[in-house]
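One structure is given here, and the rest of the page talks about it.
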Amino acid sequence: MTYTSYVLLLLFVSIVAGVELTFELPDKEKQCFHEVIEQGVESVIDFQVLDGGKYDVDATLEAPTGQVLFRGIKKQADTYTWKADTTGVYTLCFSNEFSTFSHKLVYVDFEVGEEKPLPGIENLPQMTKMESSSVNIHEHLNTIVDYQTHHRLMEAKGRRFAEDLCDRVMYWSIAETCIILMIGIGQVIVLKSFFSDKK
């Protein structure tokens, strides 16, 4: 195996193992993600467009039977929760086919099933105060991580918008400066022609 093959393999393994993913969606393209879900398992998808165009994408979720469970047209962000009716491969697709030149940066969180309990307390008939406190702390820390992720995404989106706005203001200022200079030079030439001797 070459070095490039190892890097691609590690990237693929990290993408498969992760539940959160940020990816670039080129214009006029569609990308799909597949997940095997058992019957009766509750799942949640949460996505948000972080950059590009009008911050919108088309999103569809299909069951193994081909039934469309969720369809979002030109959505900036959305969350959908469902319980699997059948066991099989569920497909989540994001489409930027309506865009002619703008790439999109999309964050997606695909959660399947409930989180596993803390090790060592899954089969306890009754928990002590210490174990109950540990479970509560664990749940609160997970909530904090979710809030931090949400605020990080909002901060990244706001930062990109501010940088884009800053670039537009700079270009507009340069254009205004050039126009003012041209007008000034034109006025000097016109005034000079008033006081020059005509032959």
Side-chain angles (χ1 to χ4, degrees), residues 8-99 103-127 132 134-154 157:
L8 289 174
L9 181 64
L10 287 174
L11 181 64
F12 179 75
V13 168
S14 65
I15 289 173
V16 170
V19 292
E20 297 180 28
L21 178 67
T22 302
F23 65 97
E24 186 175 347
L25 184 60
D27 54 296
K28 298 182 181 177
E29 285 202 17
K30 181 178 182 180
Q31 289 191 15
C32 295
F33 303 93
H34 311 279
E35 183 72 31
V36 177
I37 302 175
E38 300 291 329
Q39 183 178 4
V41 174
E42 188 173 289
S43 303
V44 180
I45 56 168
D46 182 18
F47 69 91
Q48 182 176 346
V49 182
L50 302 178
D51 190 25
K54 294 182 179 177
Y55 298 91
D56 55 352
V57 292
D58 293 342
T60 55
L61 175 68
E62 288 188 9
T65 58
Q67 176 191 2
V68 177
L69 301 175
F70 169 79
R71 184 186 304 276
I73 306 297
K74 293 189 177 180
K75 291 275 191 176
Q76 294 182 349
D78 210 341
T79 302
Y80 179 70
T81 304
W82 83 101
K83 188 173 283 189
D85 293 332
T86 57
T87 301
V89 178
Y90 287 76
T91 304
L92 174 63
C93 293
F94 295 96
S95 173
N96 194 25
E97 294 171 322
F98 59 86
S99 181
H103 287 33
K104 308 287 172 66
L105 189 66
V106 183
Y107 162 83
V108 61
D109 183 7
F110 201 150
E111 297 178 13
V112 178
E114 296 181 359
E115 186 181 357
K116 294 180 181 178
L118 286 172
I121 63 168
E122 53 270 324
N123 295 324
L124 292 177
Q126 188 174 2
M127 291 190 288
S132 299
S134 298
V135 170
N136 286 335
I137 291 171
H138 179 68
E139 290 173 355
H140 289 317
L141 285 175
N142 286 337
T143 305
I144 290 170
V145 168
D146 289 340
Y147 278 122
Q148 285 179 334
T149 301
H150 172 73
H151 289 299
R152 259 198 314 270
L153 292 173
M154 295 303 292
K157 189 174 182 179

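Remember, it's a predicted structure, so these values are computed and weren't measured experimentally.
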If you take all heavy atoms of Ser43 and Gly113, which pair is closest and at what distance?
-> OG-N, 4.2 Å
Nearest heavy atoms of Val44 and Trp82, plus distance in Å | N-CZ3, 4.1 Å
For residues Cys32 and Thr91, report the shortest heavy-atom separation together with the two atoms involved.
-> CB-CG2, 4.0 Å
Distance, nearest 0.5 Å, that separates CD of Glu111 from CG of Asp146 | 6.5 Å
Which residues share a side-chain contact (heavy atoms from CB on, under 4.5 Å) with His151, sequence neighbours left out = Tyr147
Got a donor-acceptor contact below 3.5 angstrom from the Asn96 side chain to the Pro26 backbone?
-> yes
Got a second to check how far His138's NE2 is from Thr143's OG1, nearest 0.5 Å?
-> 10.0 Å
Just one of Phe110, Phe33, Tyr107 clears the side chain to side chain contact (heavy atoms under 4.5 Å, CB included) bar with Leu21, so which one?
-> Phe33
Once you round to the nearest 0.5 Å, how far does CD1 of Ile137 lie from CG of Asn142?
-> 12.0 Å
Listed once per pair and sorted, the disulfide (SG to SG under 2.5 Å) pairs that draw on residues 55-90, sequence neighbours left out | none
Heavy-atom check, side chain of Val108 versus side chain of Phe23, under 4.5 Å = yes
Not counting sequence neighbours, list each pair that qualifies as a ring-ring contact (aromatic ring centres under 6.0 Å, His included) and has a residue in residues 47-75.
-> Phe47-Phe94, Phe70-Tyr80
For residues 72-91, which residue pairs qualify under salt bridge (charged side-chain N to carboxylate O under 4.0 Å, His left out), counting only residues two or more places apart or in two chains?
-> Lys75-Asp78
Give, for atom CG of Leu92 and atom OG1 of Thr60, the distance between the pair rounded to the nearest 0.5 Å.
-> 7.0 Å
Closest heavy-atom pair, Glu29 versus Leu25, reported as atoms and distance to 0.1 Å, is O-CD1, 4.0 Å
Is there a side-chain contact between Val112 and Tyr90, using heavy atoms and a 4.5 Å cut-off?
-> no
Smallest separation among heavy atoms of Asp27 and Ser99, with atom names | CB-O, 3.6 Å
Across all chains, not counting sequence neighbours, the side chain to side chain donor-acceptor pair (under 3.5 Å) partners of Ser95 are Glu97
Looking at side-chain heavy atoms only, is the closest gap between Gln48 and Asp46 below 4.5 Å?
-> no
Any salt bridge (charged side-chain N to carboxylate O under 4.0 Å, His left out) involving residues 50-66? Give me the pairs, sequence neighbours left out, ordered by first then second residue.
-> Asp51-Arg160, Asp56-Lys104
Could you give the distance from CE (Met154) to CG (Leu50), rounded to the nearest 0.5 Å?
-> 10.0 Å
Measure the CG-CG distance between Leu141 and Asn136 for me, rounded to the nearest 0.5 Å.
-> 11.0 Å
Thr87 versus Gln39, closest heavy-atom pair with distance = OG1-N, 2.9 Å
